[in-house]
Amino acid sequence: MVGTSVLYQNNFLIPQEDYSKIPEFDYALKEQECISLMKRSKNLRDFKQVHGHIVKLGLFWSSFCASNLVATCALSDWGSMDYACSIFHEIDDPGTFEFNTIIRGLIKEMNLDEALYMYLEMLEAGVEPDNFTYPAILKACALLKVRNEGMQIHGHVVKFGLEEDTFVQNSLINIYGKCGEMRDSCAVFEQMDHKTIASWSAIISAHANLGMWSECLRIFGDMNSEGCWRAEESVLVSVLSACTHLGELDLGRCIHCYLVRNLSGLNVIVETSLIDVYLKCGCLEKGLCLFERMANKNQMSYSVIISGLALHGCGQEALKVFSQMLEEGMEPDDVTCVGVLSACSHAGLVKEGLKWFDTMRFEHGIEPTIQHYGCMVDLMGRAGMLNEALELIKSMPMEPNDVLWRSLLGSCKVHSNVELAEVAAKNLFQPNSHNASDYLTLSNLYAKAQKWQDVAFTRTRLAEEGLNQEPGSSSVEVKRKVFKFVSQDKSHPQCEGVYEMLHQMEWQLKFEGYSPDTSQVLMDVDEEEKRQRLSTHSQKLAIAFALIHTSQHSHIRIVRNVRMCSDCHVYTKLISTIYEREITVRDRNRFHHFKNGTCSCGD
DNA sequence: CTAGGGTTAG
């Protein structure tokens with residue numbers, strides 16, 4: 001406390017031996033000076049000097065000085081909770097403010113249990129909590145995700161008449177959201193008289209956290225119509241995430257424009273979210289372009305771009321970016337590795353996939369999760385290594401889920417392995433799993449093997465389970481409207497034109513040497529009907545419609561609910577040449593980019 | 001008298 005004190009250098013305090021000689025010592029002034037000095041402390045050492053002086057000057061017993069000491073020490077970046085607590089315990093009769101600051105300090109250093117304990121002590125000491133106590137204590141509950149305590153404290157809020165406080169309400173929205181109690185969260189939100197940006201932020205991120213994407217966008221819409229539309233990055237990031245999951249490319253684009261117009265620069269989180277929107281909505285180039293221009297890339301940005309490239313079938317490029325990431329000294333985590341393995345799987349890079357699966361475990365110490373196993377089963381299945389895939393499933397330390405069995409079943413269909421398919425199906429058709437498409441996969445596999453009896457049996461079982469398969473459909477966006485087609489669709493008002501176009505397209509295709517691959521129609525019907533069914537697959541209708549209604553050379557984007565058949569694949573490749581169109585088709589798994597007669601998936 | 005709410009991406 002002696003030596004080169006900052007206090008003496010700044011001449012803020014008279015040395016102790018002098019001040020006692022001044023008869024009319026102004027305590028109020030000294031108090032102010034001490035506090036101003038305290039607030040300017042840059043480290044604990046400075047602070048301790050001020051503390052010492054306050055004690056020496058006899059100012060500690062002014063509760064205002066003492067509480068400021070506690071607050072400053074508990075809440076400053078250089079502060080120390082131990083020291084703050086020791087000051088706190090020196091105070092005879094701590095009040096609301098002192099308890100509040102200690103609670104906040106504890107939360108700041110994530111000592112959440114202790115914060116809750118302090119709150120209890122506060123109540124026991126008969127100190128009444130106020131509108132500052134609850135935002136803090138509710139935050140602690142939210143971080144701990146303790147629903148019951150949260151509800152109890154909500155009771156206290158009502159008891160102390162604080163339920164009208166905006167700050168408290170925002171905190172309540174947040175804690176209920178974090179605990180998944182959306183009814184309660186929304187109830188608080190809707191009762192609010194004065195919603196602030198923080199209220200919107202809390203309710204939107206709560207929905208985003210639970211994957212309630214449509215709700216998320218609906219509330220965002222309400223926020224805009226109530227005129228609360230501000231460049232609030234955290235809100236927009238949640239909304240962008242919703243866009244990604246819902247395939248809302250247009251809204252994503254709007255937000256991108258808005259951000260660029262209204263902010264001087266984008267941070268890494270916003271940029272990563274934007275890239276994810278573009279990649280997952282089919283705009284590979286746009287996403288890549290943003291990625292390349294990023295000033296700061298982190299682990300997540302790399303993860304996004306790697307799994308995005310995987311989604312588009314660009315396995316080699318994904319691996320290239322991955323090695324770039326490693327070169328930059330960034331450690332991959334489990335999510336990054338899912339991206340890498342799925343890139344290998346989508347691009348058929350079997351050797352690389354097997355290698356990375358080992359490297360991940362033995363060089364990066366990442367324990368494979370069920371998702372990693374999923375990628376490997378896909379990868380092996382695609383390559384026809386069906387027995388190996390089954391062995392891998394059996395060797396897993398965890399219970400295989402239906403995703404794995406479904407993947408194996410799908411591969412068995414591709415490689416016509418009835419025997420293994422039945423193993424997969426047996427595991428898949430559990431009492432509580434009702435998935436019509438699994439039955440259909442199996443039935444189609446039997447059909448391909450001409451086992452009509454088994455087809456009939458499977459179909460009967462499907463019927464017995466009372467399952468209805470959603471029909472395969474293709475949607476295409478024309479002039480900002482989405483048009484959906486199903487196979488043999490005649491419901492569309494302009495369907496005559498579509499069928500005429502289809503006819504014209506077939507003519508052109510014949511010149512290019514296309515002949516319909518009727519083996520894709522897995523039904524026991526005659527050749528002519530097969531041909532007819534094949535030619536009116538939903539994807540072909542959607543393409544015909546888009547060719548009529550969009551300008552020349554414009555990009556056609558189609559979204560499918562199931563995977564496309566190989567005939568549609570060949571067909572679309574040829575159409576992309578004949579009509580000089582780029583066509584992007586998103587199926588359940590990934591994107592296919594058709595351009596000049598080839599597809600990005602490499603067949 | 002002092003202080004505070006929501007914080008987001010794969």
Side-chain angles (χ1 to χ4, degrees), chain A residues 28 31-32 35-36 38-39 62-72 74-76 95-105 107-108 130-139 142-143 162 165-175 177-178 185 188-189 192 194-209 216 223 228 230 232-245 266-277 279-280 287 291 294 297-308 310-311 332-340 342 371:
Chain A
E31 187 184 278
Q32 259 181 27
I35 286 168
S36 125
M38 183 202 306
K39 294 207 168 137
S62 132
S63 78
F64 191 56
C65 257
S67 37
N68 270 295
L69 278 169
V70 175
T72 310
L75 301 173
S76 303
T96 305
F97 179 77
E98 290 78 13
F99 273 104
N100 286 351
T101 41
I102 287 292
I103 289 172
R104 280 206 297 138
I107 294 170
K108 194 170 169 234
D130 66 2
N131 53 328
F132 285 87
T133 315
Y134 288 106
I137 209 69
L138 286 168
K139 183 177 184 173
L143 288 168
L162 296 166
D165 185 90
T166 311
F167 286 59
V168 174
Q169 288 168 327
N170 291 343
S171 308
L172 284 168
I173 296 170
N174 184 43
I175 192 213
K178 286 270 155 45
S185 186
V188 176
F189 179 75
M192 285 182 79
H194 303 289
K195 297 180 180 111
T196 62
I197 186 73
S199 324
W200 292 103
S201 169
I203 198 77
I204 288 174
S205 67
H207 284 92
N209 271 325
C216 197
M223 172 175 146
C228 206
R230 241 174 54 187
E232 182 78 22
E233 283 175 352
S234 68
V235 175
L236 295 181
V237 166
S238 295
V239 174
L240 284 172
S241 175
C243 292
T244 303
H245 290 274
L266 304 181
N267 68 30
V268 60
I269 299 178
V270 175
E271 279 182 311
T272 306
S273 311
L274 281 170
I275 293 172
D276 202 30
V277 173
L279 291 175
K280 297 245 168 74
F291 180 74
M294 266 179 109
K297 298 165 182 152
N298 62 17
Q299 192 190 48
M300 280 208 201
S301 332
Y302 274 105
S303 290
V304 164
I305 200 84
I306 290 170
S307 53
L311 200 61
D333 67 358
D334 56 328
V335 186
T336 320
C337 291
V338 171
V340 173
S342 89
Q371 295 188 52

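Residue numbering restarts at 1 for every chain, and letters A, B, ... go by the order of the sequence lines.
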_So A:Val335, base contact, sugar-phosphate only, or nothing? Heavy-atom distance under 4.0 Å._
base
*Looking at every strand, decide which applies to A:Asp276 at a 4.0 Å heavy-atom threshold: base, sugar-phosphate, or nothing.*
sugar-phosphate
*When all nucleic acid strands are considered with a 4.0 Å heavy-atom cut-off, which category describes A:Ser303: base, sugar-phosphate, or nothing?*
base
*For A:Ser67, which contact category applies under a 4.0 Å heavy-atom criterion: base, sugar-phosphate, or nothing?*
base
*Got a sec, which residues hit side-chain hydrogen bond (donor to acceptor under 3.5 Å, both in side chains) with A:Asp130, two or more places apart in sequence or on another chain?*
A:Asn100, A:Thr133
*Straight-line distance of A:Ser201 OG to A:Ile173 CD1, nearest 0.5 Å*: 9.5 Å
*Please list, chain by chain and in numerical order, all residues satisfying ring-ring contact (aromatic ring centres under 6.0 Å, His included) with A:Phe132, sequence neighbours excluded.*
none
*Please identify each residue that fulfils ring-ring contact (aromatic ring centres under 6.0 Å, His included) with A:Phe291, with sequence neighbours left out.*
A:Tyr302
*Partners of A:Glu98 by side-chain hydrogen bond (donor to acceptor under 3.5 Å, both in side chains), sequence neighbours excluded?*
A:Ser67
*5' to 3' on DNA chain B, which nucleotides open and close the contacts with chain A (atom under 4.0 Å from a heavy atom)?*
B:dC1 to B:dG10
_Once side-chain hydrogen bond (donor to acceptor under 3.5 Å, both in side chains) is applied, do any residues pair with A:Asp333, and if so which ones, sequence neighbours excluded?_
A:Thr336
*asked:* Students often get this wrong, so: under 4.0 angstrom with heavy atoms, is A:Thr166 touching a base, only sugar-phosphate, or nothing?
replied: base
*How is A:Lys178 classified with respect to the nucleic acid when contacts are heavy atoms under 4.0 Å: base, sugar-phosphate, or nothing?*
sugar-phosphate
*NA contact type, A:Asn174, heavy-atom cut-off 4.0 Å: base, sugar-phosphate, or nothing?*
sugar-phosphate
*Could you check whether A:Lys280 gets within reach of a base, just the sugar-phosphate, or nothing at all, counting any heavy atom under 4.0 Å?*
sugar-phosphate
